[in-house]
Structures are given as structure tokens and as C-alpha cells.
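Structure first, commentary second.
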Amino acid sequence: MPPSFQAFRTALASQAPALDPGKPGLRVLLAVGALAVAVAAFFVWRSRPTPEPLPPPAPISSSTPSSASKVTVHVAGKIRKPGVYLLPSGARVADAVTAAGGVTRGASTGSLNLARRLIDGEQIMVGARAGSAAPGSSAADPATAVLDLNSATADQLEQLPGVGEVLATRITEFRDTHGGFSSVEQLREVSGIGPRKFDEIKPKVRV
């Protein structure tokens with residue numbers, strides 16, 4: 001063994017007692033290490049990402065009613081406030097008369113079917129004699145008009161005697177599937193129209 005290495009070994013052995021911390025020193029070192037670990041864990045916990053709450057969903061604004069849900073009618077004649085009125089789809093003639101302020105004193109609504117559903121674009125002539133035509137229109141009341149089976153709407157067909165919403169829909173469906181009516185007699189082929197009802201409808205329709 002070289003003398004220099006032997007001298008280093010002897011010096012290290014003489015210093016060994018000074019390098020031993022002993023039990024009290026070891027406890028201090030362990031306490032310091034535990035404290036360091038606790039501090040590190042605290043900062044790691046503080047630095048973790050915090051979930052942000054999602055913003056509440058924006059309320060869905062109600063859409064503005066489309067023009068298809070309204071009907072425009074012209075109320076004229078012996079009425080307090082004649083003019084053009086926008087009424088809900090499905091409104092009746094009585095609703096149009098009420099919206100126009102009611103009839104004038106001494107006037108009568110006897111020529112009108114107040115329970116009839118309104119048709120968009122029609123004119124309601126209050127106080128006119130049954131069957132008399134209003135200026136600019138083909139008839140005072142669409143209920144008295146002769147309907148074209150190939151162009152009448154479902155609402156117009158409902159004005160026919162004994163025809164309700166279901167039967168009017170069947171008539172339009174028959175028209176669509178058969179490419180239109182070639183004669184009034186084809187109404188007999190529509191489900192729900194018997195001989196008696198056909199006799200009531202026949203004078204009020206054409207093709």
C-alpha cells in the first residue's frame with residue numbers, strides 16, 4: 001500500500017468521531033427533512049390547477065311568431081272601426097267583428113257565419129245582404145262562394161256543409177295523390193263523404 005494512501009486512511013480514521021452526528025443530531029436532521037417534505041407538498045398542493053365553473057347556458061330566446069300563425073282580414077261595412085286587422089290563425093268571424101269594435105247601431109250580423117274560421121286575405125262585409133258581393137271581392141262571405149276543388153285550401157274546404165278539419169284534410173290528400181279532381185263526382189271516393197253529404201256539398205264546389 002502506498003505511503004500516501006496509508007497516511008490519508010490514518011487521518012480519516014482520526015476524524016471519524018467528529019463526523020458522527022450522534023442520535024440527537026440525527027433526530028434534528030430527520031426533523032429538518034420532514035419539514036422540507038411538508039413544505040414541498042404544501043406548495044405542490046397550492047400550485048394544482050383549480051377547475052373553473054362553466055358559465056350558465058344562455059337562455060334560448062323565444063322566436064317571434066311567424067306570419068303563418070296570423071291571418072290578415074279586412075273588416076268593412078256597418079262596423080265601428082273598419083280596417084285591416086291581424087288576428088291569430090284559427091280566429092273566427094266573431095273575433096274579427098269584435099276587433100273592429102262591433103257593429104254600428106241598428107246593424108245586423110245575420111248574413112255572417114260568426115263561427116266560421118277566418119281565411120287570410122278575405123274581406124268581411126258586415127251588414128251586407130246574403131249573396132251580395134262586396135266591392136273588389138267575389139262574394140261577401142266565403143261560406144257562400146263556390147269553391148274550386150283543385151285550388152281551395154283546407155281552411156276554405158272547412159266552410160263547406162258538414163266538412164270539418166279531418167274531412168278537409170282527406171279531400172286535399174285525395175287531390176294530391178290523384179293529381180287533382182277531374183269531376184265533382186270524385187268527391188264520392190273520399191272517405192267520409194256519403195251520398196247525403198255529397199248532395200249538400202255538390203252545389204258549392206266545382207272543378
Review point. Between Glu122 and Arg116, does at least one N-O distance fall below 4.0 Å, as a salt bridge requires?
Key: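 Salt bridge flag = yes for Arg116 with Glu122.
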[X] versus [Y], closest heavy-atom pair with distance:
X: Val103; Y: Val126; result: CG1-CG1, 3.4 Å
X: Arg117; Y: Asp155; result: NH2-OD1, 3.3 Å
X: Val75; Y: Ala100; result: CG1-CB, 3.8 Å
X: Val73; Y: Ala96; result: CG2-CB, 4.2 Å
X: Val207; Y: Val184; result: CG1-N, 4.1 Å
X: Lys70; Y: Leu86; result: CB-CD1, 3.5 Å

With rounding to the nearest 0.5 angstrom, report the [atom1] to [atom2] distance, [X] to [Y].
X: Thr98; Y: Tyr85; atom1: OG1; atom2: OH; answer: 11.0 Å
X: Ile79; Y: His74; atom1: CD1; atom2: NE2; answer: 10.5 Å
X: Gln159; Y: Thr153; atom1: CD; atom2: OG1; answer: 8.0 Å
X: Leu157; Y: Asp148; atom1: CG; atom2: CG; answer: 10.0 Å
X: Leu87; Y: Arg92; atom1: CG; atom2: CZ; answer: 13.0 Å

Within the distance-only criterion (no hydrogens, no angle test), does the side chain of [X] pair as donor or acceptor with the backbone N or O of [Y] below 3.5 angstrom?
X: Arg175; Y: Ala152; answer: yes
X: Asp120; Y: Thr72; answer: yes
X: Glu189; Y: Gln186; answer: no

Name each donor-acceptor pair under 3.5 Å that joins a side chain in residues 190-203 to protein atoms two or more places apart or in another chain, with its distance.
unit_1, atom_1, unit_2, atom_2, d
Lys197, NZ, Gly162, O, 3.2

Practice item. Answer yes if Leu114 and Ile124 sit in the same cluster of Ile, Leu, Val, Met, Phe, Trp and Tyr residues linked by side chain heavy atoms under 4.5 Å apart, and no otherwise. Key: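 As far as the 4.5 Å side-chain criterion goes, Ile124 and Leu114 are connected within one cluster.
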Review point. Below 4.5 Å, heavy atoms only, C-beta onward: do Ile119 and Gln156 meet side chain to side chain?
Key: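 Result yes, sub-4.5 Å side-chain heavy-atom pair found.
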Exercise for review: Please name the residue in the list Val205, Leu187, Leu167 that meets the side chain to side chain contact (heavy atoms under 4.5 Å, CB included) test with Leu160.
Suggested key: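 Running side chain to side chain contact (heavy atoms under 4.5 Å, CB included) over Val205, Leu187, Leu167 with Leu160 returns exactly one hit, Val205.
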